[in-house]
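One structure is given below, encoded as structure tokens.
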Protein chains: 2
Amino acid sequence: MMTNEISYASEFYSFLTGRVSTAIGRRLQRNFKESGLHITAEQWSVLYYLWESEGLSQQDIAKLTFRDKPSVSRLISNLEKQKLLVRVCSSGDKRANQIYLTAQGHKIKDKCMQQAEKTISEALSGVDRGSMQQAQQILEIVFNNLK
Amino acid sequence: MMTNEISYASEFYSFLTGRVSTAIGRRLQRNFKESGLHITAEQWSVLYYLWESEGLSQQDIAKLTFRDKPSVSRLISNLEKQKLLVRVCSSGDKRANQIYLTAQGHKIKDKCMQQAEKTISEALSGVDRGSMQQAQQILEIVFNNLK
DNA sequence: GGTAATAAGTTGTTGATGCAATTAAATCAT
DNA sequence: ATGATTTAATTGCATCAACAACTTATTACC
């Protein structure tokens with residue numbers, strides 16, 4: 001029935017608009033700002049992986065963050081402008097850049113992680129871990145359907 | 001424990017990055033394009049409400065779509081350029097615009113809704129309605145925590 | 001070894017967002 | 001009724017995303 005599908009669509013609407021994830025991103029960025037960090041949520045998602053392992057290529061970062069190459073290229077450029085990381089031409093493959101954090105890039109890690117955790121606890125207040133994981137599983141299926 | 005919080009953070013990561021919602025938006029836009037519709041997912045979310053009730057103000061649309069006023073202003077401008085709607089200065093309140101669809105704006109409704117439903121069924125393949133609604137409830141709580 | 005296909009990055013264009021500041025109209029308060 | 005405060009919308013600025021086109025280096029193929 002048409003009516004059913006439409007109402008189904010309405011229920012699905014918040015997935016579609018992504019209002020939850022934008023709300024989270026906005027809060028994260030606000031928390032960064034309030035703690036004196038001048039980085040965006042997107043920049044954080046790149047730094048997050050570099051704190052784990054330096055020397056990643058832009059391609060690696062693209063795969064990890066599910067972004068396309070131009071997006072990563074520009075994110076890296078902005079982070080380089082802010083002197084949080086540097087591009088180093090790979091000796092093995094002259095096409096590729098290896099990305100290394102600067103001292104400043106390392107320095108802000110703890111502060112950033114604190115704010116990320118603060119954001120998460122703000123977001124998940126009143127949500128028990130079990131239901132959150134269940135929701136996550138659904139999102140995972142949806143993501144795999146579309147990627 | 002720090003380790004726990006970090007792993008909790010990792011689990012929450014896909015919420016934070018919004019990769020699911022961007023994947024959905026990307027697929028929606030692709031489906032629009034393949035069916036010959038030249039509108040973005042964001043434009044769709046505005047049209048969606050106008051098909052329901054015309055004459056909304058930009059403020060109304062901002063509240064319905066959870067966007068700020070500048071975003072709505074520019075979305076409306078782009079839709080006006082595409083001749084899908086028009087701004088009409090409200091007679092009651094000269095500050096406000098009332099938004100009305102053009103003939104073309106009405107015409108594309110069915111095609112758009114078809115593609116939206118197609119996108120939803122692609123996204124939700126293998127997800128039963130109950131778990132989807134449960135996930136939705138969690139997202140709703142998270143959203144209310146942050147808005 | 002030389003040509004074709006592939007892969008890593010960059011750049012241009014367009015559309016969208018967030019935040020801050022601005023204009024103009026409406027409402028409130030005294 | 002006038003001055004102050006809200007409210008609707010717009011504009012400027014910076015960042016980000018998607019898509020396409022392009023450069024340069026690498027790999028594959030014959």
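This structure is a prediction, so every number in the text was calculated from the model and none was measured. Protein chains get the first letters and strands the later ones, always in sequence-line order, with residue 1 at the start of each.
Of the residues near DNA chain D, A:G92 and A:F66, the one whose nearest nucleotide (by heavy atom distance) lies more toward the 5' end is A:F66. Where A:K33 and A:L56 meet DNA chain C, the nucleotide closest to each residue was compared, and A:L56 sits on the side nearer the 5' end.
Note on the helix from C:dG1-D:dC30 to C:dT30-D:dA1: angle between the axes of the first and last five pairs equals 20°, rounded to 10 degrees.
Heavy-atom contacts of chain A under 4.0 Å fall on DNA chain C between two terminal nucleotides, which in 5' to 3' order are C:dA7 to C:dA20.
Screening residues 105-134 of chain B for ring-ring contact (aromatic ring centres under 6.0 Å, His included) gives no qualifying pairs among residues at least two apart or on separate chains. Every pair passing salt bridge (charged side-chain N to carboxylate O under 4.0 Å, His left out) that includes a residue from residues 68-86 of chain A is listed here, sequence neighbours excluded: A:E80-A:R87. Residue pairs meeting the ring-ring contact (aromatic ring centres under 6.0 Å, His included) criterion with at least one partner in residues 62-81 of chain A, sequence neighbours excluded, are A:F66-A:F143.
Between A:S77 atom OG and A:Q58 atom CD the span is 7.5 Å, to the nearest 0.5 Å.
Taking atom CG of A:D68 as the reference point, atom P of D:dA20 lies 11 Å away to the nearest angstrom. Between the C1' atom of D:dA17 and the CD1 atom of A:I61 lies a distance of 17 Å, rounded to the nearest Å.
Residues satisfying the side chain to side chain contact (heavy atoms under 4.5 Å, CB included) criterion with A:L56, sequence neighbours excluded, are A:Y49, A:L50, A:S53, A:D60, A:I61, A:L64. Shown here are the side chain to side chain contact (heavy atoms under 4.5 Å, CB included) partners of A:Q98, two or more places apart in sequence or in another chain: A:S90, A:Y100. In this view, A:T102 and A:V86, A:Q104 satisfy the side chain to side chain contact (heavy atoms under 4.5 Å, CB included) rule, not counting sequence neighbours. Among residues two or more places apart in sequence or in another chain, the side chain to side chain contact (heavy atoms under 4.5 Å, CB included) test is passed with B:S121 by none. Residues that satisfy the side-chain hydrogen bond (donor to acceptor under 3.5 Å, both in side chains) test with A:S35, not counting sequence neighbours, are absent from this structure.
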>> Base contacts versus sugar-phosphate-only contacts with protein, heavy atoms under 4.0 Å: please encode nucleotides 9-16 of chain D as B, S and - from 5' to 3'.
In response: BBBBB-SS

Throw together a table of side-chain donor-acceptor distances under 3.5 angstrom for residues 23-30 of chain B, partners on residues two or more places apart or in other chains.
unit_1, atom_1, unit_2, atom_2, d
B:R27, NH1, B:E122, OE1, 3.0
B:R27, NH2, A:L146, O, 3.0
B:Q29, OE1, B:A41, N, 3.4

